[in-house]
Amino acid sequence: MKLVISGEAREIDGVENVAQLVASLGGDMRFCSVALNGEFVPRGDYEKTKVGESDDIEIVTPFPGG
């Protein structure tokens with residue numbers, strides 16, 4: 001499916017929810033924040049929050065050192 005991830009159009013297949021998406025991108029769910037179509041997704045909801053065609057997803061991870 002086509003998604004916009006952190007402002008970049010990407011083709012991602014085999015993911016149904018935010019947790020799977022973060023894992024497929026090599027992210028660590030313990031240390032990232034996600035917004036789906038402009039709405040913050042609580043970490044406890046990653047498994048049950050579905051992603052769909054053309055969703056706009058922002059993934060923010062901490063940057064070491066400041």
Side-chain angles (χ1 to χ4, degrees):
M1 86 180 82
K2 294 179 182 175
L3 300 170
V4 177
I5 301 172
S6 298
E8 178 182 338
R10 305 216 17 207
E11 183 79 27
I12 304 285
D13 291 317
V15 299
E16 295 181 5
N17 59 47
V18 170
Q20 291 173 349
L21 176 64
V22 171
S24 76
L25 297 172
D28 188 333
M29 289 185 287
R30 296 174 301 168
F31 304 113
C32 69
S33 295
V34 176
L36 175 65
N37 298 321
E39 297 285 329
F40 171 73
V41 180
R43 188 166 290 126
D45 291 348
Y46 286 4
E47 292 280 341
K48 63 182 176 185
T49 302
K50 302 290 184 191
V51 294
E53 186 75 24
S54 301
D55 277 343
D56 186 357
I57 300 162
E58 289 289 329
I59 300 175
V60 179
T61 56
F63 186 75

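Numbering starts at 1 and runs along the sequence shown. For clarity, every value in this text was computed on a predicted model and none was experimentally measured.
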Atom pair CD1 (Ile5) and CG (Leu25), whose distance is rounded to the nearest 0.5 Å: 5.0 Å
Between CD1 on residue Ile57 and CG on residue Leu3, distance to nearest 0.5 Å: 4.5 Å
Glu39 CD: over 12 foreign heavy atoms closer than 6.0 Å: no
Rounded distance (nearest 0.5 Å) linking atom CD of Glu58 with atom CG of Leu36: 11.0 Å
Flag side-chain contact, heavy atom, 4.5 Å: Tyr46 against Val41: yes
Asp45 side, atom CG; Asn17 side, atom CG - distance, nearest 0.5 Å: 11.0 Å
Reported NZ-to-CG distance for the pair Lys50 and Leu21, which is rounded to 0.5 angstrom: 13.0 Å
Expected output: side-chain Asp13 to main-chain Met1 donor-acceptor under 3.5 Å: yes
Any donor-acceptor N/O pair, Arg43 side chain to Val34 backbone, under 3.5 Å: no
Within one Ile-Leu-Val-Met-Phe-Trp-Tyr cluster: Phe40 and Met29, side-chain cutoff 4.5 Å: no
Under 3.5 Å donor-acceptor, Asn37 side chain and Asp56 backbone: yes
Non-hydrogen atoms of Gln20 and Gly14 that approach each other most closely: OE1-O, 4.2 Å
